[in-house]
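Please read the structure below before turning to the comments.
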Amino acid sequence: MALEATVRPPEETLSLWKREQARLKTRVVDRDTEAWQRDPDFSGLQRIGGVDVSFVKGNSVRACASLVVLSYPELEVVYEESRMVSLTAPYVSGFLAFREVPFLVEAVQRLQEMEPGLMPQVLLVDGNGVLHHQGFGVACHLGVLTDLPCIGVAKKLLQVDGLENNALHREKIQLLQAGGDTFPLMGGSGTILGMALKSHDRSAKPLYVSVGHKMSLEAAVRLTRHCCRFRIPEPVRQADIRSREYIRRTLGLPGTPVPGSQKLHRPRACPKEGSREFTGEGRPSEDNSQGSRMDLKASQPETVGPGLAVK
DNA sequence: GCGACAG
DNA sequence: ATCTTGTCGC
């Protein structure tokens, strides 16, 4: 059975995860690698991806992972895939990627198979990049595993390396005037780990932008700003909206009983639907037979597609 | 016992 | 992340 994605993993698992983060961190590229990233108007940029995972309320395992692709600069959704998944790892601050990234990588892989022409040129990720305990947040993790440029966009400050959401920090926030205003987030070593960004004119809370992969912080901030019709950049916002919507429409549908309810309400046998999901297309459904528990599974796929190799 | 805590 | 209604403002 799927492990309790609620329990804190043993220290042994956490140190394995840390080792994996340290190993993959050496592959992060924290500078612009594409021509469009340096262009004042992002000329050449046509597709931006966004990913998010939403959860089923009373359930720590079931979730919906969404990948959307938006056109640039129109910011219209040109691709969407939302799919129910069964999480195997619990949420532990600093190790978010081990919970969510495997399903996001799979989504990118399916996109590469089904609609390679819609592969995004950059991914906006809900969470941090190098602004992280080990300097390797979920945006870096997804970037390295897919070899796509990635930007970390967090809604709350991760208090790490001396960064604190204290009075001084809140003062700086209040000094932000117009949309696009920023201030640097400097770690203890003096390195700029990210930027606080007022994403639009009337947004009290800033976004915390950091480099994920294959992009400079300056370009990451500028692009994030260009994606904000509202506080949350459109690619991430659309992924969030659509993953929640998918859950809302999926819950209560047959074939998806709540774990404990089966024995109580359905003591008798029914056709073995098991834990299959309805895709709405009658396609075979999700089966995260990752085989195991919480392990190094988040880093299992090392390649996504042409030119997207990671060894 | 108390504070911290991306999603 | 999720639990939750109304309310103030453009």
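Proteins get letters first, then strands, A, B, ... in listed order; numbering begins at 1 in each. Source: prediction; values computed, not measured.
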From [X] [atom1] over to [Y] [atom2], what is the distance, rounded to the nearest 0.5 angstrom?
{"X": "A/Glu80", "Y": "A/Tyr246", "atom1": "CD", "atom2": "OH", "value": "10.0 Å"}
{"X": "A/Thr224", "Y": "A/Ile48", "atom1": "OG1", "atom2": "CD1", "value": "9.0 Å"}
{"X": "A/Ile241", "Y": "A/Asp52", "atom1": "CD1", "atom2": "CG", "value": "10.5 Å"}
{"X": "A/Leu87", "Y": "A/Asn59", "atom1": "CG", "atom2": "CG", "value": "8.5 Å"}
{"X": "A/Tyr72", "Y": "A/Trp36", "atom1": "OH", "atom2": "CH2", "value": "9.0 Å"}
{"X": "A/Gln46", "Y": "A/Leu118", "atom1": "CD", "atom2": "CG", "value": "11.0 Å"}

Interatomic distance where [atom1] belongs to [X] and [atom2] belongs to [N] [whole Å]:
{"X": "A/Lys205", "N": "B/dA6", "atom1": "NZ", "atom2": "C1'", "result": "12 Å"}
{"X": "A/Asn165", "N": "B/dA6", "atom1": "CG", "atom2": "P", "result": "11 Å"}
{"X": "A/His141", "N": "B/dA6", "atom1": "NE2", "atom2": "P", "result": "19 Å"}
{"X": "A/Phe95", "N": "B/dA6", "atom1": "CZ", "atom2": "P", "result": "13 Å"}

Stems involving DNA chain B: give each as a range paired with a range, ordered by first number, where a stem means at least three consecutive Watson-Crick or G-U wobble pairs under 3.5 Å.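 The stems that DNA chain B takes part in number none, since no run reaches 3 pairs.
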Shortest non-hydrogen contact from A/Glu34 toward A/Gln37: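 It is N-OE1, 2.9 Å.
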Nearest heavy-atom pair of A/Leu70 and A/Leu75: which atoms, and what distance?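 Shortest heavy-atom contact: CD2-O, 3.7 Å.
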Decide ring pair (Phe, Tyr, Trp, His ring centres under 6.0 Å) for A/Phe136 and A/His141; before the verdict, give the C-alpha distance in whole Å, the side-chain angles of both, and the deciding distance to 0.1 Å. CA-CA 7 Å; A/Phe136 192 74; A/His141 209 132; 5.1 Å; yes
Test log, rule ring pair (Phe, Tyr, Trp, His ring centres under 6.0 Å), inputs A/Tyr208 and A/His132: CA-CA 12 Å; A/Tyr208 298 95; A/His132 178 269; over 10 Å; no
A correct 5'-to-3' footprint of nucleotides 5-10 of chain C, with B, S and - meaning base, sugar-phosphate only and no protein heavy atom under 4.0 Å, is ------
Is the shortest side-chain heavy-atom distance between A/Pro206 and A/Leu197 below 4.5 Å?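 Of all side-chain heavy-atom pairs linking A/Leu197 with A/Pro206, none is under 4.5 Å.
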Side chains of A/Met119 and A/Val108: does their closest heavy-atom pair fall under 4.5 Å?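 They are in side-chain contact.
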Under 4.0 Å, counting only non-hydrogen atoms across every strand here, what does A/Gly94 touch: a base, just sugar-phosphate, or nothing?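 Base contact.
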Show which side-chain atoms of residues 172-179 of chain A pair as donor or acceptor with protein atoms under 3.5 Å away, not counting sequence neighbours.
none

Taking the six-membered ring of A/Phe42, is NZ or CZ of A/Arg222 closer than 6.0 Å to its centre and within 45° of its axis?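 Yes - A/Arg222 lies over the ring of A/Phe42, closer than 6.0 Å to its centre and within 45° of its axis.
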Every protein N/O within reach of nucleotides 3-5 of chain B N/O, cut-off under 3.5 Å:
residue : atom : partner  : partner atom : Å
B/dC5   : OP1  : A/Gln159 : O            : 3.3
B/dC5   : OP1  : A/Gln159 : NE2          : 3.1
B/dC5   : OP2  : A/Gln159 : NE2          : 2.2

With no hydrogens and no angle check, is any side-chain donor or acceptor of A/Arg99 less than 3.5 Å from a backbone partner on A/Thr88?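 The answer is no, because no donor-acceptor pair under 3.5 Å joins these two groups.
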In whole Å, measure the gap between the C1' atoms of C/dT2 and B/dC5 for me.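 It works out to 15 Å between them.
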On the 0 to 90° scale, with breaks at 30° and 60°, tag the A/Phe183-A/His169 ring pair as parallel, tilted or perpendicular.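 Perpendicular: the ring planes of A/Phe183 and A/His169 meet at over 60°.
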Every protein N/O within reach of nucleotides 1-4 of chain C N/O, cut-off under 3.5 Å:
residue : atom : partner  : partner atom : Å
C/dA1   : OP2  : A/Lys155 : NZ           : 2.9
C/dT2   : OP2  : A/Arg244 : NH2          : 3.1

Dot-bracket for DNA chain C, 5' to 3', counting Watson-Crick or G-U wobble pairs under 3.5 Å, with [ ] for crossing pairs and | for inter-strand pairs? ..........
